[in-house]
Amino acid sequence: MIRFFIFIFLSIPNLGFSASLHNIGEKGKSSEIDRIIEIKMYDNYFEPKEITIKKGETIKFLIKNFGSLVHEFNIATKKMHFEHQSEMMKMIENEILLGDSIDYEKMKEVAKIDHSMAHRHSNSVLLEPNMSGEIIWKFNTETRLEAACNIPGHYESGMVTKINKF
Ligand SMILES: [Cu+2]
């Protein structure tokens, strides 16, 4: 019974987060990819720093971490990035997120209690040095977006790619 209440309690912020995902587009289908964009992660910036996307386009992002620290590539609004930073801080406090690695065992363990710590969102990837990941995203909304790394301090130091739409 207590478990059930904990589950309900922890699910509320997640429901809020996934509901807001509708404003920023949706997870794209691999059968509908219009274009591939390569993103390189460094300490602490992305290349390219700006991308332009046609409204409605489905983009496959191929992301590789060339830095020496863990980095995130997250497609969202500026407001969502700032909200997400507290989740990242919690991952550091729980010792899931270490400077240059991710403790996946710890992540699994903590995520049993706090689902947000699994860090499984279709609009983001979290990568250790030398790791690659991908996101397929359909840009079907007017919302102004940017791709950013929300590991504490990284956004502020310039780890953000501007997304222009036309
Ligand atoms: Cu970063």
Side-chain angles (χ1 to χ4, degrees), residues 10-67 69-91 96-97 101-102 104 107-108 111 114-152 154-155 157-166:
L10 292 170
S11 299
I12 292 166
N14 289 321
L15 285 174
F17 189 74
S18 35
S20 64
L21 276 185
H22 294 296
N23 306 321
I24 64 167
E26 61 191 57
K27 186 175 192 243
K29 295 190 184 93
S30 51
S31 57
E32 292 174 3
I33 296 165
D34 294 304
R35 209 150 48 97
I36 294 172
I37 295 179
E38 285 183 32
I39 302 287
K40 292 175 182 165
M41 299 167 146
Y42 295 98
D43 308 324
N44 291 330
Y45 61 96
F46 294 115
E47 261 181 30
K49 295 188 189 317
E50 208 169 310
I51 54 175
T52 301
I53 281 156
K54 261 185 244 161
K55 259 175 245 156
E57 241 183 342
T58 296
I59 306 286
K60 179 177 183 173
F61 292 95
L62 291 177
I63 305 135
K64 182 159 185 198
N65 188 355
F66 290 93
L69 302 168
V70 173
H71 292 297
E72 183 197 32
F73 184 81
N74 185 323
I75 301 163
T77 62
K78 193 181 278 271
K79 185 169 173 273
M80 285 167 73
H81 287 311
F82 285 113
E83 285 164 4
H84 185 49
Q85 282 172 14
S86 60
E87 203 172 89
M88 282 292 185
M89 192 55 98
K90 236 189 333 175
M91 289 178 82
I96 294 168
L97 197 54
S101 63
I102 301 163
Y104 289 102
M107 184 188 268
K108 244 189 263 170
D114 183 345
H115 181 72
S116 71
M117 292 296 100
H119 202 269
R120 236 181 270 119
H121 307 302
S122 51
N123 61 325
S124 79
V125 286
L126 188 62
L127 298 173
E128 291 181 321
N130 297 311
M131 296 301 283
S132 303
E134 62 173 65
I135 293 175
I136 301 174
W137 197 254
K138 185 170 185 174
F139 291 87
N140 55 358
T141 68
E142 299 282 337
T143 317
R144 185 183 282 268
L145 302 174
E146 51 186 37
C149 173
N150 291 304
I151 291 174
H154 293 204
Y155 184 102
S157 61
M159 210 160 181
V160 54
T161 286
K162 211 177 138 194
I163 300 175
N164 302 313
K165 289 189 212 161
F166 70 94

- Value rounded to 0.5 Å, distance of CH2 in Trp137 from NZ in Lys27: 9.5 Å
- From CG (Leu145) to CD1 (Ile53), nearest 0.5 Å: 8.5 Å
Could you go through residues 56-64 and list every donor-acceptor pair under 3.5 Å that involves a side-chain atom there, pairing it with any protein atom two or more places apart or in another chain?
residue: Glu57; atom: OE1; partner: Arg35; partner atom: NH2; Å: 2.9
residue: Glu57; atom: OE1; partner: Lys54; partner atom: N; Å: 2.9
residue: Glu57; atom: OE2; partner: Arg35; partner atom: NE; Å: 2.9

- Could I get the full list of ring-ring contact (aromatic ring centres under 6.0 Å, His included) partners for Tyr42, not counting sequence neighbours? Tyr45, Phe66
- Message: Holding to ring-ring contact (aromatic ring centres under 6.0 Å, His included), I want the full list of residues that pass it with His119, two or more places apart in sequence or in another chain.
- Response: His84, His121
Heavy-atom donor-acceptor pair, [X] side chain to [Y] backbone, under 3.5 Å:
X: Thr143; Y: Asn23; value: yes
X: Thr161; Y: Pro48; value: yes
X: Glu128; Y: Ile102; value: yes

Can you list everything that forms a side chain to side chain donor-acceptor pair (under 3.5 Å) with [X]? Sequence neighbours excluded, please.
X: His71; value: Asp43, His154
X: Asn65; value: none
X: Lys79; value: Glu83
X: Glu50; value: Asn164

- Query: By side-chain contact (heavy atoms from CB on, under 4.5 Å), which residues pair with Ser30, not counting sequence neighbours?
  - Reply: Ile33, Ile136
- Item | Contacts of type side-chain contact (heavy atoms from CB on, under 4.5 Å), residue Ala111, not counting sequence neighbours | Ala118
- Lys90: partners by salt bridge (charged side-chain N to carboxylate O under 4.0 Å, His left out), with sequence neighbours left out: Asp114
Would one find more than 12 heavy atoms of other residues, nucleotides or ligands at under 6.0 Å from atom [atom1] of [X]?
X: Glu47; atom1: CD; value: yes
X: Lys165; atom1: NZ; value: yes
X: Lys49; atom1: NZ; value: yes

- Under the side-chain contact (heavy atoms from CB on, under 4.5 Å) criterion, do Leu127 and Val70 qualify, and how do the steps go? CA-CA 6 Å; Leu127 298 173; Val70 173; over 6 Å; no
- Task: Given side-chain contact (heavy atoms from CB on, under 4.5 Å), test Glu146 with Tyr155 step by step and report yes or no.
- Result: CA-CA 11 Å; Glu146 51 186 37; Tyr155 184 102; 2.4 Å; yes
